[in-house]
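These notes concern the structure reproduced below.
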Amino acid sequence: MTKMLASVNGGDEAEIALAGGADIVDLKDPAAGALGAVAIDVIRQTMGTVAGRKPVSAVAGDLPMEPDTIRAKVEEIAATGVDYVKIGFFPSADAVACAEALASLAARTRLIGVLFADLQPDLGLLAVLARHGFHGAMLDTAKKDGRRLLDHLPPDQLHGFVDECRELGLKVGLAGSLEAPDIPRLLPMLPDFLGFRGALCDQSQREGAIELEAVRQIRELIPDERPAGTASSVDYRLLAARGYSPGAVDPSLGTDKIFVRDFVLPVQIGAYSFEHGHTQKVRFDVVADVLRVTHAPEDMRHVFSYDIIMDGIRTIVARGHVQLSEALAEQVAALVLEDPRVMQVRVRVEKLELGPGGVGVEIERKRASEQAHSARHHGIAPADSLFYGGGQKGSSS
Ligand SMILES: O=C[C@H](O)COP(=O)(O)O
């Protein structure tokens, strides 16, 4: 289950984070940079306040990449007894040496290496962190200028980061000015935690105070447990990630059409030899008939995010050359129909550089009737994902 990490500046904010449902209390001074460290006595005081109710992490600060400097700071923080120490790895020729210098500490304190999506992170460092016993790694953003994690790296690269951490046995977190609409886009990648500060503050001003209602709203978008008595075969992470609220769906609510129109991407596609080795502009039009879950949609829990459709198309396209427009359309349709609330989908794939106008294919695919009945009346359906999380990953033809 993906956990919610809330960055706080001390004990008072830690109480707000706990009251709002945060899973990890992360000590950080937002006024001192992306990984601003709080004072040691603030760590100790906050540990006393939290009193073991939830794990506490603390960041080491925006330190120069000097092995001795970093080791001394991490040792000082580790001595407070925090559960995790987060260390920023800024681009540097000495990054590997810094990881090596922390190896002996990693044996007794859970270390999280933080890479920065907006600083061209060297993902080769992940294997080094794993080799030296780090507990986990995360992607954050160094510049808190309002641009979000997904503004710096596309979904398929974030998915690749999560997958690589998993393969290396590292716990993995994602952060970086994340906002509510980012959550259903990131949850399907199955990170171990998502980190927040700005979204927990009034007007998303990360240097302001965190607010209980803002913490609660983020919490409600990250399922922290399966509803009691529900079938364990349903992965509510994925359902919730797509705005699906477990429990019976009122079939009288009917469906809405969620669409992505004129979505043009450079795509490696085509059966002719002249179409290989380069991309061509392809336009995607998708219309999904989605079961409504409420008369009054209020937040991301109640909607099927069109971002999911665009992220999925980007992920499919990023996997490499596709021979046929028909195959590409089928993959997109299968991805959209993964969501149990989608009853049918129409997908149009159009090459824009081959003909006088466009050439391509339009398909319409429906959910199997028994599944459709179940989703309409019982709101539960297998959520094996071809593209995210469980199940076999989809493959482009
Ligand atoms: O680790 C979590 C970070 O503190 C997130 O902070 P942010 O949401 O302001 O980027």
Side-chain angles (χ1 to χ4, degrees), residues 2-10 13-14 16-18 20-38 42-43 46 54-63 77 82-90 110-119 121 129 134-153 158 161-162 165 170-183 185-187 189 191-211 214-219 221-222 300:
T2 297
K3 295 189 178 302
M4 174 186 170
L5 175 146
S7 293
V8 301
N9 61 13
E13 287 197 341
I16 296 171
L18 291 174
D23 297 302
I24 302 168
V25 173
D26 177 56
L27 278 164
K28 171 180 289 190
D29 176 357
L35 286 192
V38 299
V42 171
I43 297 177
T46 306
K54 290 290 182 184
V56 177
S57 60
V59 302
D62 288 2
L63 299 173
I77 294 174
V82 287
D83 299 284
Y84 306 96
V85 183
K86 291 165 61 178
I87 303 102
F89 281 84
F90 298 88
R110 288 181 286 188
L111 305 183
I112 307 283
V114 182
L115 281 66
F116 299 97
D118 50 344
L119 299 182
L129 298 180
F134 273 61
H135 180 74
M138 69 183 291
L139 269 177
D140 198 340
T141 52
K143 304 181 196 79
K144 301 300 181 183
D145 56 9
R147 285 183 298 164
R148 306 171 357 262
L149 179 65
L150 278 155
D151 292 325
H152 296 291
L153 289 178
L158 294 179
F161 176 82
V162 172
C165 286
L170 292 168
K171 293 293 185 187
V172 51
L174 298 175
S177 301
L178 300 184
E179 300 174 9
D182 292 314
I183 295 173
R185 302 175 67 180
L186 298 175
L187 278 179
M189 301 174 191
D192 293 295
F193 62 90
L194 294 177
F196 304 87
R197 169 79 198 176
L200 309 182
C201 299
D202 182 35
Q203 306 297 320
S204 297
Q205 296 305 306
R206 68 191 308 269
E207 295 190 25
I210 73 170
E211 294 196 329
V215 177
R216 283 185 175 141
Q217 285 182 8
I218 294 295
R219 170 75 275 173
L221 291 171
I222 304 172
M300 292 307 292

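Indexing begins at 1, ligand by ligand and atom by atom, following the structure's order.
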Legend entry - Element-labelled atoms of ligand 1 that are located less than 4.0 Å from some non-hydrogen atom of M138: 1 (O)

Inset, instruction - Give the minimum heavy-atom separation between I77 and V59, together with the two atoms involved. - result: CD1-O, 3.6 Å

Legend entry - Qualifying residue for side-chain contact (heavy atoms from CB on, under 4.5 Å) with F116, from L35, L139, T141: L35

Inset, instruction - Output the list of atoms in ligand 1 that are nearer than 4.0 Å to some heavy atom of K28, sorted by atom number. - result: 1 (O), 2 (C), 3 (C), 4 (O)

Inset, instruction - Answer with side chain, backbone, both or neither: which part of A175 has a heavy atom less than 4.0 angstrom from an atom of ligand 1? - result: side chain

Legend entry - Close-contact set for ligand 1 against G198 heavy atoms, below 4.0 Å: 7 (P), 8 (O), 9 (O)

Inset, instruction - Flag the pair D26 and K86 as a salt bridge only when some basic side-chain nitrogen lies within less than 4.0 angstrom of an acidic carboxylate oxygen. - result: yes

Inset, instruction - Starting at CG of L200, measure out to CZ of R216 and round the result to the nearest 0.5 Å. - result: 13.0 Å

Inset, instruction - Within a distance under 4.0 Å of any heavy atom of L5, pick out the atoms of ligand 1 and give their elements. - result: 1 (O), 2 (C)

Inset, instruction - Only heavy atoms count here, so choose which of K143, E179, R148, R206 is nearest to atom 9 (O) of ligand 1. - result: R206

Inset, instruction - Look at D140 together with K28 and state whether they make a salt bridge at an N to O cut-off of under 4.0 Å. - result: yes

Legend entry - atom 8 (O) of ligand 1 - nearest protein heavy atom and its distance: R197 N, 2.9 Å

Legend entry - Lys/Arg-Asp/Glu bridge criterion (N-O < 4.0 Å) met for D83, K54: no

Legend entry - Atom indices of ligand 1 within 4.0 angstrom of S7 heavy atoms, with elements: 1 (O), 2 (C), 3 (C), 4 (O)

Legend entry - Atoms of ligand 1, numbered as shown, that sit under 4.0 Å from any heavy atom of K86: 1 (O)

Legend entry - Numbered atoms of ligand 1 (with element) below 4.0 Å of K144, judged on heavy atoms: 6 (O), 7 (P), 10 (O)

Legend entry - Non-hydrogen atoms of P55 and Y84 that approach each other most closely: CB-CE1, 3.8 Å

Legend entry - Any S177 heavy atom less than 4.0 Å from ligand 1: yes

Legend entry - Over 12 non-hydrogen atoms of neighbours within 6.0 angstrom of NZ in K144: yes

